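Ligands are counted one by one from 1 in listed order, and the atoms in each one are counted from 1 as well. Keep in mind it's a predicted model, so treat the numbers as computed, not measured. Sequence positions, counted from 1, serve as the residue numbers for this chain.
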Amino acid sequence: MTEAEAGARMANLRRDITEHNRRYYEEAAPTISDRDYDHLYRELVELEKSFPHLASDDSPTRRVGGTPLKQFGTVTHRVPMLSLDNTYSIDELLEFYARISRLLPGEKVPVVIEPKVDGVAVSLLYENGALSYAATRGDGNTGDDITQNVLTIRSVPRRLKGSHAPAIFEVRGEVYMDKNGFTKLNADRAEQGLAQFANPRNAAAGSLKQLDPAMAARRPLGIILYGTGALDGVTLERHSDLFALLEKFGLPHTERYWTADSPDTLIAAIRELDRVRLRFAYQTDGAVVKVDSVAQRERLGFTSKAPRWAIAFKYEAERVQTTLHDILVQVGRTGVLTPVAVLEPVFVSGSTVSRATLHNEEEIARKDIRIGDTVVIEKAGEVIPAVVSVLTNGRTGAEKPFRMPEKCPECGSRVIKDAEQVAVRCVNVQCPAQMRRRIEHFASRGAMEIDGLGEKMVTQLVNAGLVHDVSDVYQLDATRLARIERMGEKSIRNLLNGIEQSKTRPLWRLIFALGILHVGETSSRELANHFGSIDALMNASGDELQRIPDVGEVVGASIHQFFQEPRNRQLIQRLEAFGVKPTVEPTAQKQSGIAGTTWVITGTLSEPRDHIAELIIARGGKVTGSISKKTTYLLAGAEAGSKLEKARKLGVKIISEEEFRALLE
Ligand code: IVH
């Protein structure tokens, strides 16, 4: 490669990697795999080594992550948050071990091997046992203050356990979304016609980025702590002592770690971790190998970007071949058609897989996937099975390309393609598939919560012609239900009971249960708070809807459109006629002057801060971790410190707990 060529390639790589960093860190929506990213990154590192005079100071190899988001307050890390060097190769891992052994001649070098948790790096600072803040890595020096969101993670204590807390205890770790919670979240999002998260890591990052902690609270997040930042009043001689310390303070840590002091024991540990890691609740993408002795770590030191005393070893995603027997098309609640691969069952990453999502027609065309092909599949992020590629050289010519049907596979109606999206929808609202899904959603736990009305029951009711829309559910009686096969007296009683009880659910549940496109749980609560009745919501103008904070244009337009449909208005009337009378929760009353305001809470108060935060959120306010010009009120309890000063400086209104209570009433 000539110097000119190298220079041009390096400039391209710098630009591309910076863009991928932005997508990964700031948008939590990467467009290339970790592996492809690592390839680009390594190529740049190699070129910078060969042509050092062409390396530039703003190279992404010299920095760590993205820049902080504007909306959050920022925190300057007392000790920079660095990243790790990583490798996919056992040889390079052994080279790492040989290198550190060389740098520490004549000494044994014990290392600790832990799971590499695939989540979002965070730092928690405890001062005298109390959590001061939680922050993201950001660019390594300055991160976002995400205290309020991290406080929604149940396993994060506000105070360290025990009475001997160090003056400063900064712990670092990874916030993750557990695999089951992730699957459920994506299923809910699909039902609402929202985009899917590609993997639990993106879902965790997206959740931490929520500016509304109430949103973050609904996401199933957890945390694993694995390192320290600033410390005062506590010393660690060995990293392995940290686990006992974390346990003592009531902080979550990895359930297993290994130690090794030779290449053989190191590799054995890496292999064993690979065997057990699929059973962990969180996703892992590798092992982190760290020198155990703090004294040895100090002698090894750091490069500009990463410690010399640690390395991440990444496991390859397990890939297997199987036959694609067919491509089915499923119809969702909102009529979206989704192609699904029907596979010869095959065991991959811990379970047998016989279905995989194919997302949409474009994706199938891009990968040239044909029915009858031998395909390579992997569990994307260990969770969702995906078709990675096709082995075209085994083709016989009998393979059939896939075409999205021009008619709905369930009801034969016309399908349309959404203008901006790639989604194809069935236009028939009476489509039995849509009908089933709508009723399932209406009755589901997050919505009207009708006991006894699950997927199977809904299918039976629809097939028997007993229900066509959700209002028909309230017309069911014992005589009608007796027509259903194998439906005993007791089940009939239970179901009727469940239906009766659902009539007085809170208003927000009814709004959510209607399944209006883009209207999730949070918007439903917002709308219930704002309008107080379904009739008021139904008669709201498009403008009025769009002006509500957190509703916005898209959601507002969707609600307006929904209630423009005479059929939907009739549905509401029928529900009312059948005795559905939603309740308005006391907290949902709109007065109180808190809606739309932004709060910071500090000092000692009569109740835990998160209880108080809930009171604010329930009234439509926001709670953040640090004072800025956007803060409306600082609620200051006893012994309020630096935040009080900052609020004074910025002219933020300071109120006492008493005044706050008065405001609530
Ligand atoms: S130790 C000085 N331990 O992986 C950096 N990191 O690819 C010390 N990670 O930046 C980091 N699990 O965000 C460490 N058990 C673990 C980890 C872990 C996941 C993350 C962390 C790190 C990244 C490096």
- Message: I want to know if ligand 1 touches Val288 in the polar sense, i.e. an N/O pair below 3.5 angstrom.
- Response: no

- Query: Taking the six-membered ring for Trp, are Phe280 and Tyr282 parallel (under 30°), tilted (30 to 60°) or perpendicular (over 60°)?
  - Reply: tilted

- Item | Distance-only polar pair, side chains of Ser132 and Glu127, donor-acceptor under 3.5 Å | yes

- Query: Can a non-hydrogen atom of Pro115 be found less than 4.0 Å from any atom of ligand 1?
  - Reply: yes

- Hey, is ligand 1 close enough to Arg137 that some N/O pair sits below 3.5 Å? yes

- Message: Please give me the minimum heavy-atom distance between Arg308 and Phe302, naming the atom from each residue.
- Response: NH1-O, 3.5 Å

- Note on the structure: shortest atom 12 (N) of ligand 1-to-protein heavy-atom contact is with Val117 N, 3.0 Å

- Who gets closest to atom 6 (N) of ligand 1 by heavy atom: Tyr226, Trp309, Tyr257, Tyr176? Tyr226

- Item | Nearest atoms (heavy-atom pairs only) where Arg14 meets Leu54 | NH1-O, 3.8 Å

- Applying a strict 4.0 Å limit to heavy atoms, is Lys290 in contact with ligand 1? yes

- Task: Provide, to 0.1 Å, the distance between atom 4 (O) of ligand 1 and the closest protein heavy atom, together with that atom's residue and name.
- Result: Lys116 NZ, 2.9 Å

- Item | Closest non-hydrogen atom pair, Ser207 against Leu221 | CB-CD1, 3.9 Å

- Item | Short N or O distance, Glu114 and ligand 1, threshold 3.5 Å exclusive | yes

- Checking Tyr126 side chain against Val171 main chain: does a donor-acceptor pair fall under 3.5 Å? no

- Task: May I ask whether Asn86 places a heavy atom under 4.0 Å from ligand 1?
- Result: no

- Query: Looking only at heavy atoms, is any part of Glu174 under 4.0 Å from ligand 1, and if so is it the side chain, the backbone, or both, or is it neither?
  - Reply: side chain

- Give, for atom CZ of Arg159 and atom CG of Asn128, the distance between the pair rounded to the nearest 0.5 Å. 8.0 Å

- Task: Could you tell me whether the side chains of Asp145 and Thr147 share a donor-acceptor contact shorter than 3.5 Å?
- Result: yes

- With backbone taken as N, CA, C and O and side chain as the heavy atoms from C-beta onward, which portion of Met81 lies under 4.0 Å from ligand 1: side chain, backbone, both, or neither? neither

- Message: Looking only at protein heavy atoms, which one is nearest to atom 5 (C) of ligand 1, and what is the separation?
- Response: Leu82 O, 3.5 Å

- Query: Which residue supplies the protein heavy atom nearest to atom 8 (C) of ligand 1, what is that atom called, and how far is it?
  - Reply: Leu84 CD2, 4.0 Å

- Message: If you apply the rule side chain to side chain contact (heavy atoms under 4.5 Å, CB included), what do you find for Thr322 with Val353, and how did you get there?
- Response: CA-CA 10 Å; Thr322 189; Val353 165; over 6 Å; no

- Message: Using a 4.0 Å cutoff against the non-hydrogen atoms of Ala121, which atoms of ligand 1 qualify?
- Response: 13 (O)

- Item | Nitrogen or oxygen atoms of Ser83 and ligand 1 under 3.5 Å apart | no

- Query: If we only count N/O pairs under 3.5 Å, is Pro307 in contact with ligand 1?
  - Reply: no

- Message: Keeping Lys367 on the side-chain end and Leu358 on the backbone end, is there a donor-acceptor pair under 3.5 Å?
- Response: no

